[in-house]
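Let me begin by presenting the structure, written as structure tokens, before commenting on it.
Computed from a predicted model, the values in this text were never measured in an experiment.
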Amino acid sequence: MNFLSYLLRAKTHFSLHSPFVYRLYTEVLTSRAEGVPKRRYEAMVWRLERYYGVTATRNVGTAELRTSDGYFVVIDHPYRDADDWKGIIHDSNYQVTLDFFTVGIAITNPHLSKQHFILR
């Protein structure tokens, strides 16, 4: 996906129909706070760590968090290897995937239904 295609498909919180994803998006991922890292990937990991009170296990280009709401995998630049990202989106082990173009988040939570969101 190129950036123009992403912009045309990306939605804001007004189009989110999942209460879990709406809360995650509005209260965690896009919240205003002091000390947020400038890089979007680092900011997403930082926000998730602060909100859930856990520390992420970091690897090259990914961070993993186990929380009360499930297992989160945060991926830096998921379109570097678009085939891997598409595989994650279609993987039945991940119920929810969030695509921010420069950051991808895959969530395992058996209480959620399979959904993919392209968000700004």
Evaluation steps, side chain to side chain contact (heavy atoms under 4.5 Å, CB included), between Leu24 and Ile107: CA-CA 11 Å; Leu24 182 68; Ile107 305 165; 3.8 Å; yes
Going by ring pair (Phe, Tyr, Trp, His ring centres under 6.0 Å), name the pairs with one or both residues in residues 32-52, residues two or more places apart or in two chains. Tyr52-Phe72
Should the heavy atoms of other residues, nucleotides or ligands under 6.0 Å from CZ of Arg66 be counted, would the total exceed 12? no
Would you check, one step at a time, whether the test side chain to side chain contact (heavy atoms under 4.5 Å, CB included) holds for Lys11 with Ile118? CA-CA 6 Å; Lys11 306 294 183 197; Ile118 300 173; over 6 Å; no
Give every residue pair that meets the ring pair (Phe, Tyr, Trp, His ring centres under 6.0 Å) criterion with at least one member in residues 98-120, sequence neighbours excluded. Phe3-Phe101, Tyr6-Phe101, His17-Phe117, Tyr79-Phe101
Do you know which two heavy atoms are closest between Ala43 and Val36, and how far apart they sit? CB-CG1, 3.5 Å
Rounded distance [0.5 Å steps], OG1 in Thr102 versus CZ in Arg40: 5.0 Å
Nearest-0.5 Å distance that lies between atom OG1 in Thr108 and atom CG in Asp69: 12.5 Å
Heavy-atom check, side chain of Val74 versus side chain of Leu65, under 4.5 Å: yes
Consider only side-chain N and O atoms of Ser113 and Gln115, and report whether a donor and an acceptor are under 3.5 Å apart. yes
Please list every donor-acceptor pair under 3.5 Å in which a side-chain atom of residues 86-94 meets a protein atom from a residue at least two apart or in another chain.
unit_1: Asp91; atom_1: OD1; unit_2: Asn93; atom_2: N; d: 2.9
unit_1: Asp91; atom_1: OD1; unit_2: Asn93; atom_2: ND2; d: 3.3

Would Val73 and Ile105 satisfy side chain to side chain contact (heavy atoms under 4.5 Å, CB included), going step by step from the backbone distance to the final call? CA-CA 6 Å; Val73 178; Ile105 301 175; over 6 Å; no
Check whether any side-chain N or O of Glu42 sits under 3.5 Å from a backbone N or O of Pro37 as a donor-acceptor pair, and report yes or no. no
Rounded at 0.5 Å granularity, tell me how far CG in Asp76 sits from CG in Asn59. 12.5 Å
Salt-bridge contact Arg47-Glu27 (side-chain N to carboxylate O under 4.0 Å): no
With rounding to the nearest 0.5 angstrom, report the OH to CG distance, Tyr25 to Leu98. 10.0 Å
Quick check against the 3.5 Å criterion: does Glu49 have a side-chain atom that pairs as donor or acceptor with the backbone of Ala56? yes
Membership question, hydrophobic clusters at under 4.5 Å side-chain separation (ILVMFWY): are Val21 and Val28 in the same one? yes
Are Leu48 and Thr67 close enough that some pair of their side-chain heavy atoms sits under 4.5 Å apart? no
State yes or no: do Tyr22 and Met44 share one hydrophobic cluster built from I, L, V, M, F, W and Y residues joined by side-chain heavy-atom distances below 4.5 Å, directly or via other members? yes
